[in-house]
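Numbers for residues simply follow the sequence, beginning at 1.
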Amino acid sequence: MTPTNGRLLVIMFVLGLATYLTKAQDPQRSPGSVRLVSFQASEAASTNSSLRLLPDFPEMAAVTLNLWVRFRHFSPALDIIVSYFGFNDDLLHFWHDFVDSELVFRVYGYKVTTPVEIPLYVWNHITITFELVSSKYHVLVNDKEITSNLTIDYENRIGKNLPGGGVLILGQDQDSPGGGFSIPQAFSGDLADFCLLSQYFPLNNLKDFRCYEHTSIEKSLRLDAEEDWSLDGDVKAFLINTSTLDYKFREPYVMLPEQKYFPVNSIQIRGLCSESQLDRQLHIDGTMNLRPVFHGTFYTKVWWDNTSWVMASRLLPNLKATMINNDPEDYPVGLHQWLLSGDNCPAGEVDLLLTVCGEESFPCNDGTCVHMSHRCDLRAHCDDGSDEMKCDKVFVGTDYEKTLPPPPPETEDVLNVTLSVIITAVRTLDLLDQTVTLDVQLISEWEDPRLQYADLQPEQFKNQVQDIDRIWQPRLITTDDTGSLVDLMNRDMFLVVIQESEPLPSDDTRYIKAIVFPGSGNPLLLRQELSITFQCQFDLLWFPFDNQRCSINFRLNDVESKLVRQVTLKGKDETSGQKLTIVFTNLFLYYLANSYLPSFLLVVISYSTFYFRLEDFNERIMVSITAMLVLVALFQQTSSTILKTTYLKLIDVWYMPQHRDQDMSRKYNMMARVGLPIVFFLFLAVYGIIAAVQYFTGY
């Protein structure tokens with residue numbers, strides 16, 4: 001559809017609508033007509049818009065209220081439609097409560113509360129009948145009886161008639177006879193076929209109730225009796241055909257001069273500060289300058305002034321926002337910059353997003369919608385890709401101080417940080433330098449109630465935090481057994497949020513829609529991939545049948561250790577830190593196969609020379625000398641591959657049982673004093689026995 005054809009279509013639609021309204025307002029063209037009164041007709045929020053009953057209000061033993069009502073705006077407090085004041089008190093009240101979604105009818109000590117949703121811009125037919133003596137009542141909305149709740153406000157008025165002689169006002173709330181009006185309690189909309197009758201009607205007489213059908217009832221107050229009412233201020237009255245009063249009719253379309261699609265439902269404004277006096281909800285109703293008009297639930301109005309889109313308030317004349325237009329055919333739906341002034345929010349340019357998306361949808365910057373689960377799922381679903389923009393999971397306040405640890409829970413004195421260490425590999429184990437290098441995963445977990453998180457997913461990898469340097473992290477000091485700092489190489493580090501709690505209520509102060517979660521109940525998990533190189537004092541006395549124990553210590557710095565408690569996954573409290581001990585067990589099979597077994601076989605070979613004949617002396621000598629040389633070479637080879645120490649190791653004792661170092665340390669003194677002599681004397685005893693046998697036997 002071209003813009004020209006679209007405008008012609010709108011003109012034809014407006015002319016047809018004007019013709020229809022002209023017929024509706026002409027009582028000569030319809031057999032039935034009623035009087036319509038429009039309150040706040042100029043759309044300005046004001047207390048100067050009301051109707052006052054001129055004759056005296058009569059005493060009533062029963063009250064039947066009937067009216068057709070059409071709201072243009074709701075009030076943030078109460079929409080007072082009927083207020084009857086007498087004897088320094090409210091005697092009869094009828095109002096609509098938008099916040100609690102209910103209609104309230106109060107009559108001389110009684111209060112009837114009816115839960116019901118009342119929409120804007122459509123007619124609603126309401127009939128209430130109440131008998132004061134018996135407290136019988138019926139409430140009908142759009143010709144259907146609604147279950148209501150009856151309570152008693154004043155016990156001393158029960159069973160008595162409603163007194164006459166007071167002041168009846170329509171459209172305002174009286175705090176004094178004929179005065180004390182308040183804008184938050186003023187009615188904005190239209191009334192038609194209104195009447196107050198002093199008679200109780202049974203239920204079967206109430207459906208499709210019409211005031212003009214009960215003109216013969218005494219003590220009746222009817223809006224159609226024009227001479228009985230005083231129109232005060234911003235009020236307009238005219239006649240309409242009764243056929244236009246239809247609660248079943250809903251206008252399903254809004255005609256636009258361009259090819260656009262607008263769902264006829266509420267439009268939400270995102271990006272206003274919490275103190276803003278602009279409405280958060282807009283509704284399409286009517287046109288201006290061939291463009292649709294957006295009305296706020298309470299006081300806001302958005303329209304096209306032929307140059308730009310304007311947002312203003314019916315209540316505050318200085319409150320205004322103008323959309324910064326790049327395209328004259330653009331509409332305010334979607335993300336746009338607005339020039340704001342006169343509001344409680346800071347003046348200047350502000351990003352506002354007008355969206356028709358529901359609670360389960362994410363509003364794209366171009367005004368379209370995708371499902372909320374598609375937000376930041378690593379795949380673009382919006383045409384403009386805005387669902388994958390600004391996907392940081394953390395909201396950091398302006399007063400956040402990252403050098404201070406988070407406050408502890410209410411039931412604790414200090415913050416708990418859960419620490420766990422996973423050793424993934426032993427990168428190096430250097431016996432000569434006595435150093436160990438470990439690859440570890442260091443996992444820290446804590447809660448920070450100062451933060452808020454956005455769009456958390458059950459899968460942790462989808463909740464990774466960007467720019468983690470903005471927030472507090474536990475600073476660990478790592479030392480070895482000697483108390484010296486270890487060498488750390490950070491290979492990788494990432495921070496994720498674990499979703500464990502329910503989200504907070506929706507927050508529309510951010511123009512980017514997000515499901516916000518509190519910091520409390522959703523812990524942060526910091527995973528660090530580290531290579532740690534540290535000193536370990538190896539004790540090789542029983543080498544190669546030894547076990548080595550090496551330890552590293554993790555603790556917080558001295559300042560944070562007073563405010564933070566480090567705990568293990570098992571729940572053991574250690575205010576001074578955590579100690580990780582690694583036990584290395586020597587795989588001695590290598591030395592058995594390459595040192596002990598070959599040397600043992602050489603001993604067996606040397607021993608076998610005792611069985612050579614005495615005449616074969618040369619062969620005895622050659623085999624013995626060869627075995628000795630091979631044993632020496634094997635010892636030298638083994639010694640070159642193991643750590644040299646100032647004390648004998650068990651493998652040294654195996655190779656040199658005949659030696660004894662007089663300067664042995666106390667550490668191996670017992671083994672030297674007991675083990676070496678026993679081995680030496682056993683060797684001499686075996687050798688002497690074999691020599692004696694050979695001597696006496698002659699072999």
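- A salt bridge between Asp392 and Arg470 is present, with a side-chain N of the basic residue lying under 4.0 Å from a carboxylate O of the acidic one.
- Between Trp304 and Tyr331, the distance from one ring center to the other does not fall under 6.0 angstrom.
- Taking the six-membered ring wherever Trp is involved, the centroid distance between the rings of Phe74 and Phe98 falls below 6.0 Å.
- Side chains of Leu587 and Tyr590 form no contact here, defined as non-hydrogen atoms less than 4.5 Å apart.
- Remark: the Asn547 side chain and the Thr585 side chain contain an N/O donor-acceptor pair separated by less than 3.5 Å.
- With a 4.5 Å cut-off on side-chain heavy atoms, Lys393 and Gln464 do not count as touching.
- A donor-acceptor contact shorter than 3.5 Å is absent between the side chain of Glu447 and the backbone of Pro523.
- Using modelled atom types, no side-chain atom of Gln452 and backbone atom of Pro518 make a donor-acceptor pair closer than 3.5 Å.
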Side chain to side chain contact (heavy atoms under 4.5 Å, CB included) between Trp446 and Leu419: does it pass, once the steps are laid out? CA-CA 9 Å; Trp446 72 97; Leu419 178 67; over 6 Å; no
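- For the residue pair Asn365 and Tyr511, no side-chain donor N or O sits within less than 3.5 Å of a side-chain acceptor on the partner.
- A donor-acceptor pair shorter than 3.5 Å can be found between the side chains of Glu529 and Gln441.
- Ion pairing of Asp455 with Arg375 is present here, as a side-chain N (NZ or NE/NH1/NH2) and a carboxylate O approach within less than 4.0 Å.
- The shortest distance between side-chain heavy atoms of Gln473 and Ser444 does not fall below 4.5 Å.
- The main-chain N or O of Asp507 is found under 3.5 Å from a side-chain atom of Arg270 such that the two form a donor-acceptor pair.
- With hydrogens and angles disregarded, no donor-acceptor distance shorter than 3.5 Å links the side chain of His374 to the backbone of Cys382.
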Would you check, one step at a time, whether the test ring pair (Phe, Tyr, Trp, His ring centres under 6.0 Å) holds for Phe545 with Tyr596? CA-CA 12 Å; Phe545 304 101; Tyr596 286 95; 5.7 Å; yes
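- With respect to the salt-bridge test (charged N to carboxylate O, under 4.0 angstrom), the residues Asp377 and Arg379 do not qualify.
- In this structure, Ile269 and Asp279 have side chains that are not in contact, with every pair of non-hydrogen atoms separated by 4.5 Å or more.
- At least one donor-acceptor pair closer than 3.5 Å links the side chain of Gln548 to the backbone N or O of Asp539.
- Judged purely by atom type and a 3.5 angstrom limit, Arg450 uses its side chain to pair as donor or acceptor with the backbone of Glu401.
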Please determine whether side chain to side chain contact (heavy atoms under 4.5 Å, CB included) holds for the pair Ile477 and Leu485, giving the CA-CA distance in whole Å, both sets of side-chain angles, and the decisive distance to 0.1 Å. CA-CA 8 Å; Ile477 297 175; Leu485 295 176; 3.6 Å; yes
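- Looking only at atom types and distance, the side chain of Asn522 has a donor-acceptor partner in the side chain of Ser501 under 3.5 Å away.
- Looking only at distances, no side-chain donor or acceptor of Lys462 sits under 3.5 Å from a matching main-chain atom of Cys376.
- Not one N or O on the side chain of Thr428 forms a donor-acceptor pair closer than 3.5 Å with the backbone of Asp430.
- Although no hydrogens or angles enter the test, the distance criterion places no donor-acceptor pair under 3.5 Å between the side chain of Asn325 and the main chain of Ser308.
- For the residue pair His283 and Thr297, a side-chain donor N or O sits within less than 3.5 Å of a side-chain acceptor on the partner.
- For Asp433 (side chain) and Thr435 (main-chain N/O), no donor-acceptor pair under 3.5 Å exists by modelled atom type.
- Distance check for Cys364 and Cys369: the SG atoms are not under the 2.5 Å cut-off.
- For the pair Asn586 and Tyr591, the minimum side-chain heavy-atom distance is below 4.5 Å.
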